[in-house]
Amino acid sequence: MEQYLFYGLSTIAVFSALMMVISKKPIHSLLYLLLCFFTLAGHYVLLNAQFLAIVHIIVYAGAIMVLFLFTVMLLNLNIKGEQSKPVVARIVAVVAGGLLLVALVGVLRGIDNNPTLMQPNNQVGMMKNISDLLFNEYVLPFEVASILFLTAMVGAVMLGKSESKVLNN
Amino acid sequence: MLFLVYKLTLITVILLVSLGIAMYATLLERKFAGFLQDRYGPDRAGKWGLLQPLADGGKLFFKEEYMPNTADKFLYILGPCLTMLVALLTSAVIPWGPPLVIGGVEYTLQVANLNVGVLYVFAIASMGVWGIMIGGWASNNKYSLMGAIRASSQMISYELAMGLSIAALIMMMGSVSLNEIVAQQQGWHWNVIYQPIGFLIFFICALAETNRHPFDLPECETELIGGYHTEYSSMKLGFYLFAEYINMFVSSAVLATLYFGGYHFPFIGRLGLSPNVAAILGMVILFAKIIGFILLFMWIRWTLPRFRYDQLMRLGWKILLPLALLNLAVTGIFILLKG
């Protein structure tokens, strides 16, 4: 049962990821990406990490993708506005993508013998275990990361403000 | 097999009950408006207008189906479908009553006992924006787009305060499972007594999330014609309008579950009832609370005028958000002092 679910979800995930790249209209790409995120959340549930699955949906589908949606809608991108890329850029993109694929295959090949992955712990994705780790063992990196986000946010506001001042002058 | 049949029955019953309640909420809304404005309200179709929702539904089905030429066809149809789907999803995690015992087997009255129930509710609430955004954008009309953008910025702004008010509740309860939260509110230990400010913030945010008055700027008729559903007609419009009533029902259920003890009622344990009778009584009590909240939603709708856009943003960002943060901090200090 679990295996069928896994294959079903993976098929949809790969399909939607491909469609996200292939689609002509930005808003269709966006919706395919959303679908892809949902299938990933399904994978988390299969790994018994319900907390991660829900947070994945809240953060990506509920917040980040809505931000993307705003951008796409307000910029009003459409097929006519899409410029065709020069041939050199296409070749470079293909080569870079191929290199990334080789690197990924190289990493994943050695994974069968990795000792940390050989001992699956199906409770690790539970909310209690994750919070225990985050707020005890990794509390300093966690707090530093949140300060980093705050800095980025303040920085973005500052940049926006200074620009409007320049425009007013 | 039996498990599957029982879950399917439960899902069907909950679906039908949500649809039925939402259907009659439309009638109740009009009757209530009539009561507040000293008139009768609908009373022609059937006794006391009881057939009015059916007549309305029939009318919407038979209306002319119109689709703008310039609309993105697929997304235009997807919009109302998504809105309806998201509206119906939340009811899966709400515990509707204590478990029923039939033939020695215990049946819980909850479709999915997720151990992250509260977060699930929150995730679905944050998905509510998609149906409106997609519908508003696909219509290819500037009023629709304005309405959709208003709706989503409103929802994003109020989700923050809502999340923070829930966080204070979770800190107190020490659990995010809705079952657990209801179980801890036995008797008079309703969360609203310990978290009055949190409840107020959550309630206001629930009003904003369901796009009810005084937060119905997305469909503000005076400025935007009909907002995000300007270009919709027939049953697609019906889906948008109907989803609002389902949302109202579901958010009332969530409010009753999180803050008003769910199916608990003081002294219910002392009556010495058999488990099944107690379960049914608990269900009735939960539904009474839900209908009470629905009436409160309607009372607010027919009493308050609509906010202006800047007032809406000021309330969300400058009043509710700091208040929710303060509530969170005070709750944290209390928990720390209590040990």
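What you see is a predicted model; the values in this text were computed from it and never measured.
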Contact origin within A/L30 toward chain B - heavy atom pairs under 4.5 Å: side chain
So for B/M133, is it side chain, backbone, both, or neither that comes closer than 4.5 Å to the heavy atoms of chain A? both
Quick check on B/L145 against chain A: is it the side chain, the backbone, both or neither that has a heavy atom closer than 4.5 Å? side chain
CG of B/L82 to CG of B/L75: how many Å apart, nearest 0.5 Å? 9.5 Å
Would you say that B/V176 contacts B/N115 through its side chain, given a criterion of any heavy-atom pair below 4.5 Å between the two side chains? no
So, taking the atom named OH in B/Y120 and the one named OG in B/S177, what distance separates them when rounded to the nearest 0.5 Å? 14.0 Å
Do B/N191 and B/M173 have side-chain heavy atoms sitting under 4.5 Å apart? yes
Verify whether one side chain among B/E209 and B/N247 offers a donor that lies under 3.5 Å from an acceptor in the other. no
Side chain to side chain contact (heavy atoms under 4.5 Å, CB included), that's the test. Do A/L150 and A/M153 meet it? Break it down for me. CA-CA 5 Å; A/L150 190 66; A/M153 240 153 63; 4.2 Å; yes
Any side-chain heavy-atom pair of A/F51 and A/N129 under 4.5 Å: no
Any heavy-atom pair between the side chains of B/V121 and B/L258 that's under 4.5 Å? no
Contact list (residues 151-171 of chain B to chain A, heavy-atom gap under 4.5 Å, by number) returns B/S152, B/S153, B/I156
B/I181 versus B/T257: any side-chain heavy-atom pair under 4.5 Å? no
Are the side chains of B/T210 and B/F215 in contact, using a 4.5 Å heavy-atom criterion? no
Who in residues 54-63 of chain A is close to chain B, using a strict under-4.5 Å heavy-atom cut-off? A/I54, A/I57, A/I58, A/A61, A/G62
Does B/W130 reach the side chain of A/L34, with side-chain heavy atoms less than 4.5 Å apart? yes
